[in-house]
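Just the heavy atoms: all of them, side chains too, but no hydrogens, waters or symmetry mates, feed the values below.
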Amino acid sequence: MTKPVIGVIGNSFIVEDRFAAQLVGERNLQAIAEVTDALPMMFAGNPKITDIDSLLSVVDGILLTGARANVHPRYFKMEPDVSHEPYDENRDSLALPLIDACVERGIPVFGICRGFQEMNVAAGGSLHPEIRTLPGRMNHRMPRLETGEIHPDPAVVFADRHEVQLLPDGVFAKLLGKDTIRVNSLHGQGILQLGERIIAEGVAEDGTIEAIRFKEAPGFALGVQWHAEYDPQTNPINRALFQAFGEAVRARKTQQA
């Protein structure tokens, strides 16, 4: 039996200040190949290039990755601000209907960081561009040096930073076999208002929502705010998530055979 195929969404970049490109972080691809045991297939996060129906006819699951760009606030009726740029509206306009299509058709979808935020917006929820500015919230952004530069050591940047309390007897708690986990933290934007079709299954100690699932989705439809793709080869929490995603994708492939 051939391996299942997982579509991995791309992000818009300008290379050398002039060439338009679609890029995917390699750790996402490695996580799928090495832990999920599937074939990663990059696709453009641009509806002018990627047709959703055609895409979903050839993949068995979708991974919505993290990204530098924030989801544009017009999708949840807020005003944009230059201080919260960059935006990637091509990805927004593809990812949001793609999520709806995956949930409706029972195609496994796993959202990470920006992908997690997209899932909430697709379900009618809203985001806050800087969670750390809300009363009582911690700074969820990546660690920096005193100079303001990003810390040069990836082990420091992606180290576990805070706890997440999981919903007792929820999907995540059952999947991970515990009620409390520790995760990394590399985001500014986060969930403000939960979408009506979303259940919060994990919350940080400061009240920030960190793990979600779609209500009554016929297939795997989970999202996490942390970067689970960084170390699933060695981190048991992140490994369990990617393995569960793989099991769901293989089950879907078998059903469609």
Assess whether a salt bridge exists between D60 and K3, defined as any Lys/Arg side-chain N lying under 4.0 Å from an Asp/Glu carboxylate O. no

Would you please indicate if the ring centroids of F110 and F242 are separated by under 6.0 Å? yes

Salt bridge flag under 4.0 Å for residues E196 and K215: no

With side-chain contact (heavy atoms from CB on, under 4.5 Å) as the test, would you mind laying out the steps for V59 and L55 before giving the verdict? CA-CA 6 Å; V59 301; L55 172 67; 3.9 Å; yes

Are I212 and I99 grouped together when hydrophobic residues (ILVMFWY) are joined by side-chain heavy atoms under 4.5 angstrom apart? yes

Result block: side-chain N/O donor-acceptor pairs under 3.5 angstrom for residues 62-71, not counting sequence neighbours:
unit_1	atom_1	unit_2	atom_2	d
T65	OG1	R91	NH1	3.3
N70	ND2	H84	O	3.0

Tell me, with the steps shown, if R74 and E79 meet salt bridge (charged side-chain N to carboxylate O under 4.0 Å, His left out). CA-CA 6 Å; R74 71 182 178 87; E79 292 298 318; over 6 Å; no

So does E216 pair up with R197, basic N to acidic O under 4.0 Å? no

Do side-chain atoms of Q193 reach the backbone of L127 as a donor and acceptor pair under 3.5 angstrom? no

May I ask you to decide if the ring planes of H162 and H140 are parallel, tilted or perpendicular, using 30° and 60° as cut-offs? perpendicular

Residue set satisfying salt bridge (charged side-chain N to carboxylate O under 4.0 Å, His left out) with D206, at least two apart, ordered chain then number -> none

Evaluate whether atom CG of D169 has more than 12 neighbouring non-hydrogen atoms of other residues, nucleotides or ligands under 6.0 angstrom away. no

Specify whether H72 and Y87 have parallel, tilted or perpendicular ring planes, treating 30° as the upper limit for parallel and 60° as the lower limit for perpendicular. tilted

Kindly indicate, with the supporting measurements, whether the criterion side-chain hydrogen bond (donor to acceptor under 3.5 Å, both in side chains) is fulfilled by Q117 and Q225. CA-CA 8 Å; Q117 295 164 6; Q225 180 62 83; 3.3 Å; yes

Heavy-atom closest pair, residues S126 and N120: O-ND2, 3.2 Å

Taking the six-membered ring where the residue is Trp, are the ring centres of H227 and H187 under 6.0 Å apart? no

Does a donor on one side chain sit under 3.5 Å from an acceptor on the other, for S12 and Q22? yes

